[in-house]
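Quick notes on the structure that follows.
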Amino acid sequence: MSLAEMQRCFAQLLIDRQLRANLHLRGAEALGGFDLTDRERKSLTELDRRQLEVAAGVWEHGRLSTAASPFPLTMRALSGRISSLASDF
């Protein structure tokens with residue numbers, strides 16, 4: 001119902017893989033926890049799934065890069081496992 005609520009919902013979509021999956025499976029019903037107008041729900045349900053996944057991946061990469069920069073040897077040791085570990089947080 002407000003710009004802040006729409007932004008909160010979009011931010012949650014970027015960080016919550018399960019919410020994104022639910023959005024594409026259940027549509028507007030998946031957004032029940034947000035105080036959105038019908039128009040806002042429609043806008044979010046019409047987001048291109050591939051583009052939303054790309055945006056979420058870019059956000060996750062930026063978050064990991066920031067967190068990893070002080071620990072280069074740890075990151076090297078974890079190599080390909082870091083993304084799956086980080087998605088739990």
Over all atoms of both residues, closest heavy-atom pair of Leu23 and Leu44
CD2-O, 3.6 Å
Taking all non-hydrogen atoms of both residues into account, name the closest pair between Ala28 and Arg41 and its distance.
O-NH1, 3.9 Å
One should read off an interatomic distance between Leu3 CG and Glu40 CD, to the nearest 0.5 angstrom, of 8.5 Å
Just wondering, do His24 and Leu52 contact through their side chains at under 4.5 Å, heavy atoms?
yes
Just wondering, more than 12 heavy atoms not from Asp48 lying within 6.0 Å of its CG?
yes
Considering all heavy atoms of both residues, which atom of Leu14 and which atom of Ala56 are nearest to each other, and what is their separation?
O-CB, 3.4 Å
Pairwise side-chain contact, Glu29 with Asn22, heavy-atom cut-off 4.5 Å (strictly under)
no
Ser43 versus Met6: any side-chain heavy-atom pair under 4.5 Å?
yes
Any side-chain heavy atom of Lys42 sitting closer than 4.5 Å to one from Arg39?
no
Closest non-hydrogen contact found for Cys9 with Leu36 is SG-CD1, 4.0 Å
In plain terms, say whether Arg8 and Glu5 are close enough for a salt bridge, that is, a side-chain N and a carboxylate O under 4.0 Å apart.
yes
Decide yes or no for Phe34 and Leu13: does some side-chain heavy atom of the first lie under 4.5 Å from some side-chain heavy atom of the second?
no
